[in-house]
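Input: a single structure, listed below in structure tokens.
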Amino acid sequence: QVQLAESGGGLVQTGGSLRLSCAASGRTFRTYVLGWFRQAPGKEREFVATVSWSGSSTYYADSVKGRFTISRDNAKNTVYLQMSSLKPEDTAVYYCAASARFASDARYDYWGQGTQVTVSS
């Protein structure tokens, strides 16, 4: 099992940047694929980005490609989401999650509590 805790959310103006962090407990962190998801008010949760076990492979939703960067530090048991050129439509609660597979249809079994990101226009 792995427990996840996000941090780094906040209020930012359009065009600004934020870096989210997700710290994980447990010695099995490197055995999980990590992903970021988000959920805006009144909308379903959507996939944002994922990073493979070693960090060598990443995959992004089209809506964030070129603006967001996912990375991980296995020595620190932490995954990051660097967000740049933020838009009001990026406003959402952002969640990190862990999966055993690196695939577009992977099931994510462990979830954090989420961190709010608000982008003002």
Side-chain angles (χ1 to χ4, degrees):
Q1 282 192 343
V2 62
Q3 293 181 325
L4 305 169
E6 304 93 338
S7 62
L11 174 65
V12 64
Q13 292 185 333
T14 296
S17 299
L18 276 177
R19 188 177 81 156
L20 305 183
S21 299
C22 177
S25 64
R27 295 182 293 177
T28 59
F29 177 77
R30 64 183 66 234
T31 68
Y32 289 98
V33 169
L34 277 300
W36 285 97
F37 293 76
R38 66 186 182 186
Q39 187 167 20
K43 296 187 176 181
E44 293 188 353
R45 185 171 59 196
E46 65 174 357
F47 167 81
V48 175
T50 186
V51 60
S52 62
W53 302 269
S54 66
S56 60
S57 297
T58 57
Y59 183 75
Y60 297 91
D62 288 343
S63 59
V64 306
K65 201 172 296 182
R67 300 188 298 122
F68 291 11
T69 302
I70 188 171
S71 62
R72 66 190 293 168
D73 186 336
N74 286 341
K76 295 182 178 180
N77 280 14
T78 302
V79 61
Y80 305 97
L81 186 68
Q82 178 67 49
M83 306 185 294
S84 303
S85 302
L86 283 161
K87 306 174 182 179
E89 51 264 43
D90 294 318
T91 295
V93 177
Y94 283 72
Y95 300 89
C96 68
S99 174
R101 297 177 61 227
F102 184 70
S104 60
D105 63 345
R107 184 185 70 194
Y108 285 78
D109 295 314
Y110 303 100
W111 294 82
Q113 293 300 307
T115 185
Q116 176 71 46
V117 172
T118 303
V119 184
S120 63
S121 57

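Everything numeric here is computed off the predicted structure, so don't read it as measured data. Residue indices begin at 1 and follow the sequence shown.
- Connection of Y95 to F29 is not established within any shared hydrophobic cluster, with ILVMFWY side chains joined at heavy-atom distances below 4.5 Å, either directly or through further cluster members.
- With hydrogens and angles ignored, the 3.5 Å screen pairs a side-chain donor or acceptor of E6 with a backbone N or O of C96.
- Summarising the geometry, atom CD belonging to Q39 is positioned 8.0 Å from atom CD belonging to E44; distances are rounded to the nearest 0.5 Å.
- When the options T58, L34, T78 are evaluated for a side-chain contact (heavy atoms from CB on, under 4.5 Å) with R72, the one that passes is L34.
- For T69 (side chain) and Q82 (main-chain N/O), no donor-acceptor pair under 3.5 Å exists by modelled atom type.
- Partner of M83 under the side-chain contact (heavy atoms from CB on, under 4.5 Å) criterion, chosen from L20, D90, V64, V119: L20.
- The shortest heavy-atom contact between F102 and S52 is CE1-N, 3.8 Å.
- Under a cut-off of 6.0 angstrom, the local environment of NZ in K65 is crowded, with over 12 non-hydrogen atoms contributed by other residues, nucleotides or ligands.
- Looking at heavy atoms from C-beta onward, Y80 lies in side-chain contact with D73 at the 4.5 angstrom threshold.
- When hydrophobic clusters are built by joining Ile, Leu, Val, Met, Phe, Trp and Tyr residues whose side-chain heavy atoms come closer than 4.5 Å, directly or via intermediates, V117 is grouped together with W36.
- Y108 contributes atom OH, which lies 10.0 Å from atom CZ of R101 (distance to the nearest 0.5 angstrom).
- The list of ring pair (Phe, Tyr, Trp, His ring centres under 6.0 Å) pairs with a residue in residues 39-62, not counting sequence neighbours, reads F37-F47, F47-Y59.
- In terms of heavy atoms, A49 sits closest to L81 at CB-CD1, 4.4 Å.
- Contact of the S21 side chain with the K76 side chain is not registered, since no non-hydrogen atoms from C-beta on lie closer than 4.5 Å.
- Interatomic distance, CH2 of W111 versus SG of C22, reported as 11.0 Å (0.5 Å rounding).
- Contact between A98 and L4 at its shortest, heavy atoms only, is N-CD1, 3.8 Å.
- Q116 and A92 make their closest contact through NE2-O, 3.4 Å (heavy atoms, listed as atom of the first residue, atom of the second, distance).
- Looking only at distances, a side-chain donor or acceptor of T14 sits under 3.5 Å from a matching main-chain atom of S120.
- Atom CD of E89 has more than 12 neighbouring heavy atoms from other residues, nucleotides or ligands inside a 6.0 Å radius.
- Scanning both residues, Q1 and T28, for their nearest heavy atoms gives O-OG1, 3.6 Å.
- Residue P88 comes nearest to S121 through the heavy atom pair CG-CB, 3.9 Å, listed as atom of the first residue, atom of the second, then distance.
- Put simply, V48 and V33 are part of two different groups of oily side chains (I, L, V, M, F, W, Y) that touch within less than 4.5 Å, one to the next.
- For the atom pair L86 CG and R67 CZ, the distance stands at 6.5 Å (nearest 0.5 Å).
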